[in-house]
Structures are given as C-alpha cells and as structure tokens.
Amino acid sequence: MRIANLKGRLAVIVDDAAIDVAEASGGRFGADPQAVFAEWDAFRAWAGGLDAAQGVPFAVEDLGAPVPRPSQVFAIGINYAEHAAEAGYPPESAPVTFTKFPSCLAGPVCDVELPSETVDWEVEAVVAISREAYRVRREDAWDHVAGITLGQDLSERTAQLAGAKPQFSLAKSHANFGPTGPWLVTPDAFGDPADLAISCRLSGETVQSARTSAMIYDVPELVVRLSRVCRLRPGDLVFTGTPPGVGNARTPKRFVRPGEVLVSELEGVGTITQRFVAAGTAS
C-alpha cells in the first residue's frame, strides 16, 4: 500500500489514482496525514479493500511530505562501509545518530535555496514508525515500521564539519533540506524490504548507486538500538544513512550549484526531484 500527503490531505494511492481517506472512510479517519499513525492498525485493515475506481488523478507536484510532522527525526551517519571509508572513518567505526529538525522536511518536488557554496547530497531510505517502540527485540522490529519512503539528507558541509564543535543537525536542517516521498510504502509491498536499489543523479550524472542491503546496521538493528534509549513514537522518522558517492569526498570536491537538478530514486518507492536555486530566490 502507498500512503501519500496530497495537498495536505491523507490519501491512498492505488495504481495512478489518489483516494481521499477522510472522504472514502466517511470521516472514520481524518484528513491529517500525520494523525493516521495513531490508528495505524485500524487504518491498515480498512485501507486494504480500497479500489482505484474510488480515486482521482493527481499531480506529483501536489504531494507533500508523506510524514509531515514527526515528533522525532532520527538520522544515521556512516551506515555504509564504503561511505565511512570515503569520509575518512576507520573500518571499525559504528554508525552515529543525530537529528534533522522537522521544519526542514519537504515533499518530493521542491526548490532548495543554497545557503552556501558547499551544499552536498545524501540519498537515503527513510522509515516511519507505526507504533510505540521501546526496547524492541530484533525479531519484532519490522512490526514497528509503518513503511519506507525516500529522502535526501541535504547537508551544508561548512557548518557541519567546522572546527572542534561541528553542527551536524543545524547544517542538515535548512529549509527543504529533508525532502521525502513521493509516498510511504508498506513493507509488505516489497519482495525484500531490506534489499532495495537506491541512487541519485545530479544534472544527469549518477553520483550515488547502491543497495540498502549494504547497510552496516539494517532497519531492524536501527529500531533495536534506537529503542534501547528512546521511546519511538508512531509517525517518527528514521533516515537510515547514505551510501558512498557524496560530493565532499570527491577529488576535487563537488557541491551543488544553482540551477542544478537532483533526482533520487528508491526501488519500489519512486523518485523525488529537487531544483537548487541561489540564496534569496526560492519561490
């Protein structure tokens, strides 16, 4: 099942049609895309019987972030061995956790204003939590995942890496630095949700290409480790880390320039598209 945020309203996407959940359920479920996670099991049971004939055509440009207001956003760094190597971390380095502040989240198609000349790309699979998770066992972890979507962990490298007190979270939380979408796909829609092709192209050049099975900590392990410390809440997001190919690790370094377009893709989910504009020119 694909769950979307269409013009701020919760929708289920069947084939090429969008079904407005509030209307189709006669008000049983509300229009707020974030609120559905509080009733996730009941919603899944109801939505399984929907048919494309109940929906209407839609434009991808009208889609917002499928999970628009998570109470917590966890972001994982250095979760692919090749990315750890290109970033200069030793082979035994464990993935690290930070946050992207929720105000940076955006939908699948948006303009991104460049705050500096050192903005970098990081394509990532993103998971949404379906029910409260605390001290979860690995074998139960997927039961706490509502779905998978695609995201970019856009990063302003100057602030992120400057000096003895780098600003990871702030540098990754400028406006629209967390685009996600185009929708949230439930794990049962994939042949193997732990092994998906993921990539991104900048101005037509493939800059990242990998499979999510190459993660150091896979999704169940992330749920286990995060829930040992924090209570994960319904509708929380986890950015699961980026594969190798970021611009900051290239020789010479390569950063995004005004006018360039970044297209990211996740197998079984789809694509998101970001156009970069000079400071002060975002619409």
Side-chain angles (χ1 to χ4, degrees), residues 1-5 10-15 33 36-37 40-41 43-45 47-48 50 63 65-67 70 72-83 95 97 100 105 108 122-133 136-153 178-200 208-228 232-244 264-272:
M1 183 167 61
R2 294 177 291 166
I3 301 98
N5 172 356
L10 178 65
V12 173
I13 307 300
V14 180
D15 297 331
V36 71
F37 297 101
W40 185 251
D41 290 337
F43 169 73
R44 281 295 312 273
L50 294 175
L63 295 174
V67 185
Q72 301 178 102
V73 179
F74 299 89
I76 308 301
I78 316 302
N79 199 23
Y80 288 76
E82 291 184 31
H83 175 54
T97 304
K100 291 177 75 72
L105 297 176
E122 293 192 15
V123 67
E124 306 198 11
V126 182
V127 298
I129 300 300
S130 60
R131 56 180 59 86
E132 183 174 290
V136 173
R137 299 181 302 173
R138 180 179 174 85
E139 58 266 33
D140 299 327
W142 277 112
D143 293 337
H144 292 78
V145 173
I148 303 171
T149 190
L150 172 61
Q152 268 286 341
D153 177 18
T180 55
W183 30 65
L184 188 71
V185 182
T186 53
D188 60 353
F190 301 93
D192 181 357
D195 183 28
L196 306 175
I198 187 168
S199 63
C200 66
Q208 289 184 283
S209 181
R211 300 195 70 85
T212 58
S213 54
M215 289 180 189
I216 297 171
Y217 293 164
D218 61 8
V219 169
E221 187 66 15
L222 290 175
V223 172
V224 167
R225 288 174 177 265
L226 292 172
S227 72
R228 282 179 189 165
L232 310 186
R233 300 166 180 157
D236 283 351
L237 289 181
V238 181
F239 281 70
T240 61
T242 197
S264 308
E265 184 169 3
L266 181 60
E267 180 182 358
V269 176
T271 63
I272 62 175

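Heavy-atom basis, side chains included; hydrogens, waters and symmetry copies ignored.
In terms of modelled atom types and a separation under 3.5 Å, the side chain of T212 and the main chain of A194 share a donor-acceptor contact. Under the 3.5 Å distance criterion, the side-chain polar atoms of T186 are left unmatched by any main-chain donor or acceptor of G147. In this structure a side-chain-to-backbone donor-acceptor pair under 3.5 Å is missing from T149 to V126. E267 places no side-chain N or O within 3.5 Å of a backbone atom of L196 that could act as its donor or acceptor partner.
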Could you go through V12 and F43, starting from their C-alpha distance and side-chain angles, then the distance that decides it, and tell me whether this counts as side chain to side chain contact (heavy atoms under 4.5 Å, CB included)? CA-CA 11 Å; V12 173; F43 169 73; 3.8 Å; yes
I198/Q208 under side chain to side chain contact (heavy atoms under 4.5 Å, CB included): CA gap, chis, key distance, verdict: CA-CA 8 Å; I198 187 168; Q208 289 184 283; over 6 Å; no
Between L184 and I148, does a side chain to side chain contact (heavy atoms under 4.5 Å, CB included) hold up when you go through it step by step? CA-CA 5 Å; L184 188 71; I148 303 171; 5.6 Å; no
For the pair Y80 and I216, evaluate side chain to side chain contact (heavy atoms under 4.5 Å, CB included) and give the outcome as yes or no after the intermediate values. CA-CA 6 Å; Y80 288 76; I216 297 171; 5.7 Å; no
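P243 and A210 get closest at one heavy-atom pair: CB-CB, 3.5 Å. Nearest heavy-atom pair across W142 and P193 is CH2-CB, 3.8 Å. In terms of heavy-atom proximity, V224 sits nearest to R137 at CG2-C, 3.9 Å. Scanning both residues, Y217 and N79, for their nearest heavy atoms gives N-OD1, 2.8 Å. Across all non-hydrogen atoms, the minimal contact from T242 to V123 is OG1-O, 2.9 Å. In this structure, V136 and A133 approach most closely via the heavy-atom pair CG2-CB, 3.5 Å.
Counting heavy atoms from C-beta outward, I76 and V238 have side chains that approach closer than 4.5 Å. Side-chain contact between M215 and T240 is present, with at least one heavy-atom pair separated by less than 4.5 Å. I13 has its side chain within reach of W183: a pair of non-hydrogen atoms, C-beta onward, lies under 4.5 Å apart. By the 4.5 Å heavy-atom criterion applied to side chains, F74 and L237 are not counted as neighbours. For the pair P182 and V269, the minimum side-chain heavy-atom distance is below 4.5 Å. The side-chain heavy atoms of T180 and L150, taken from C-beta on, include no pair separated by under 4.5 Å. Looking only at side-chain heavy atoms (C-beta outward), N5 and L63 stay at 4.5 Å or farther from each other.
Remark: L226 CG to H144 NE2 distance equals 13.0 Å, nearest 0.5 Å. Here S130 contributes atom OG and D236 contributes atom CG; the two are 11.0 Å apart, rounded to the nearest 0.5 Å. Going from atom OG1 of T271 over to atom CD of E265 covers 6.5 Å, rounded to the nearest 0.5 Å.
None of R138, R225, R211 except one satisfies the salt bridge (charged side-chain N to carboxylate O under 4.0 Å, His left out) rule with D218; the exception is R138.
Residue pairs meeting the salt bridge (charged side-chain N to carboxylate O under 4.0 Å, His left out) criterion with at least one partner in residues 181-194, sequence neighbours excluded, are R44-D188.
Residues satisfying the side-chain hydrogen bond (donor to acceptor under 3.5 Å, both in side chains) criterion with S264, sequence neighbours excluded, are Q152.
Using cut-offs of 30° and 60° for the angle between ring planes, the W40 and F37 rings count as parallel.
Look at E132 and R233 and you find no salt bridge, because none of the NZ, NE, NH1 or NH2 atoms lies under 4.0 Å from a carboxylate O.
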